Amino acid sequence: MEKHNAVTGVYKSIDPDEVIIFHASSLEDEIRFYLNDTQYFVASETEDACVVKLKEEGEEEEEKKHDSVFSIIKENIRILSTIIVICLLTLTGLSYLEVFIDNVLIYLIIIYLVCFILIIVCATIVEFMSTNFKLKSKHSAEHMAVNFLEINKRLPRDIGEIKKMSRFSADCGCRHYLKDVEVNFISSMLTTLILIVICAMLPNFIPSYIIDIILIITFFILSSLIGKIIKKYELFNFIIKPINKILVNIMQCANTTKKVKDKDIILAYSVAKYWLQIVYPELCNSDDDLFEVEYLNIIINK
């Protein structure tokens, strides 16, 4: 193994009875299990085999070609068009709804609720339309392998054991994005309620345009401050956690699949095996190699 590929440290659970996968990710032709912030084992597809290597972030960045903005837009024009249509229809509906609602508080609450739902819907559509089946299969296999290791604390002995695992993962990367959306929604709602109280207390002789400026500035400052407080002290977790779990599963319905290919399960097993040997060597058993001996040829045949 090359010198620059030597393992410098690993993230693992301090609880000896618990197994935690620090981070895993999937691309169209590979699955990665990270050891720390920069180093990872990667199992890559080739025409006749599965190749597992230890790599570091940035090693191959120079070899990657960056697409132009125009080419990115061209490739995703269908997604952009769908999002634009949905947003326009939503804005039209909100403007029409304003005629029937006189209460500012109720109207603002509806706006924030609709915007929150709109963000989730758009994000789910983007995930569904931008993730092809090849990537969905690997993403599912990655989650299933992670779930198996964390639950059983050993390597699987056959494909059937992994296939019994859920393709959904509570630790999927999208949960961080969704949590930010949820926190912003709650902070915006709380800020709106506070501003309505402030607005009612302001003297009547102040010009309306000055009140609007005060409210706008106060909204951005206050909502940002409330959001940071919610994150720092983990407030409203009794609301955020169950909502986050539901939304993560909805998102994963769009970027995973039930029809996981056997070769992708093998790919996930291969990278998980090398990862486990470094992070939790005490959990490795020579009998577990039966999986690789029996199923490795699937990568070649399918």
Side-chain angles (χ1 to χ4, degrees), residues 76 79-130 168-204 206-255:
N76 297 282
I79 298 175
L80 290 173
S81 300
T82 303
I83 299 300
I84 290 172
V85 169
I86 292 174
C87 290
L88 289 175
L89 289 174
T90 303
L91 290 174
T92 302
L94 287 175
S95 62
Y96 182 74
L97 189 64
E98 185 180 8
V99 179
F100 301 95
I101 299 178
D102 297 329
N103 190 298
V104 177
L105 173 59
I106 295 177
Y107 185 65
L108 287 175
I109 290 175
I110 291 175
I111 286 179
Y112 290 128
L113 183 60
V114 170
C115 289
F116 173 71
I117 296 173
L118 180 63
I119 291 172
I120 302 302
V121 169
C122 290
T124 304
I125 290 173
V126 170
E127 286 291 319
F128 179 77
M129 297 180 70
S130 62
F168 300 114
S169 172
D171 294 324
C172 187
C174 63
R175 72 186 173 94
H176 300 293
Y177 162 75
L178 291 172
K179 186 174 182 180
D180 288 339
V181 173
E182 292 153 14
V183 169
N184 290 335
F185 170 68
I186 293 174
S187 62
S188 297
M189 295 284 280
L190 292 175
T191 303
T192 301
L193 295 174
I194 294 172
L195 289 182
I196 289 174
V197 175
I198 293 175
C199 188
M201 296 172 61
L202 291 175
N204 294 328
I206 299 179
S208 60
Y209 70 90
I210 295 180
I211 293 178
D212 291 340
I213 293 173
I214 293 173
L215 293 178
I216 291 172
I217 295 174
T218 306
F219 176 84
F220 285 108
I221 296 175
L222 196 57
S223 62
S224 177
L225 180 61
I226 291 175
K228 289 180 180 178
I229 292 174
I230 291 174
K231 286 184 179 180
K232 182 176 181 180
Y233 297 102
E234 298 184 345
L235 303 176
F236 300 102
N237 272 353
F238 66 97
I239 296 175
I240 293 175
K241 283 187 176 181
I243 292 177
N244 189 262
K245 184 177 181 180
I246 293 172
L247 295 181
V248 167
N249 285 348
I250 291 174
M251 196 74 71
Q252 289 179 80
C253 285
N255 58 28

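Since the structure is predicted, the reported quantities are computational estimates derived from the model, not experimental observations.
Take Pro242 and apply the side chain to side chain contact (heavy atoms under 4.5 Å, CB included) test, not counting sequence neighbours, and it matches no residue. Applying the side chain to side chain contact (heavy atoms under 4.5 Å, CB included) rule to Ile246 yields the partners Ile250; only residues at least two apart in sequence or on another chain are considered. In terms of the side chain to side chain contact (heavy atoms under 4.5 Å, CB included) criterion, residue partners of Leu193 (sequence neighbours excluded) are, by chain and number, Leu105. Applying the side-chain hydrogen bond (donor to acceptor under 3.5 Å, both in side chains) test to Tyr112 and every residue at least two apart in sequence or in another chain returns Thr192. Applying the side chain to side chain contact (heavy atoms under 4.5 Å, CB included) test to Leu88 and every residue at least two apart in sequence or in another chain returns Ile84. Legend: residues meeting ring pair (Phe, Tyr, Trp, His ring centres under 6.0 Å) with Tyr96, ordered by chain and number and at least two apart, are Phe100. Partners of Phe116 under the ring pair (Phe, Tyr, Trp, His ring centres under 6.0 Å) rule, at least two apart in sequence or in another chain, are Phe185.
Taking both residues in full, the closest heavy atoms of Cys87 and Leu118 are given as SG-CD2, 4.1 Å, listed atom of the first, atom of the second, then distance.
How far CG of Leu94 is from CG of Leu89: 11.0 Å, rounded to the nearest 0.5 Å. Expressed to the nearest 0.5 Å, how far CG of Leu91 lies from CD1 of Ile86 amounts to 12.0 Å. Rounded to the nearest 0.5 Å, atoms CE (Met189) and CD1 (Ile111) are 11.0 Å apart. Distance check: Ile106 CD1 to Leu97 CG gives 10.5 Å after rounding to the nearest 0.5 Å. If you take OG on Ser187 and CG on Leu225, they are separated by 10.0 Å, rounding to the nearest 0.5 Å. The line from CD1 of Ile198 to CG of Leu215 is 7.5 Å long, rounded to the nearest 0.5 Å.
Applying the salt bridge (charged side-chain N to carboxylate O under 4.0 Å, His left out) rule to pairs touching residues 169-196 yields Asp171-Arg175, Asp180-Lys231, sequence neighbours excluded. Applying the ring-ring contact (aromatic ring centres under 6.0 Å, His included) rule to pairs touching residues 212-237 yields nothing, sequence neighbours excluded. Within the structure, no pair that satisfies the side chain to side chain donor-acceptor pair (under 3.5 Å) test touches residues 217-227, not counting sequence neighbours.
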Inset, instruction - Test side-chain contact (heavy atoms from CB on, under 4.5 Å) on Ile194 and Ile226 and set out the steps. - result: CA-CA 11 Å; Ile194 294 172; Ile226 291 175; 4.0 Å; yes
Could you list the donor-acceptor pairs under 3.5 angstrom formed by side chains in residues 119-126, with sequence neighbours left out?
{"from": "Thr124", "atom 1": "OG1", "to": "Ile120", "atom 2": "O", "distance (Å)": "2.8"}

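Residue Tyr107 places its OH atom among more than 12 non-hydrogen atoms of other residues, nucleotides or ligands, all under 6.0 Å distant.
Side-chain N or O atoms of Gln252 include one that pairs as donor or acceptor with a backbone N or O of Ser169 at under 3.5 Å.
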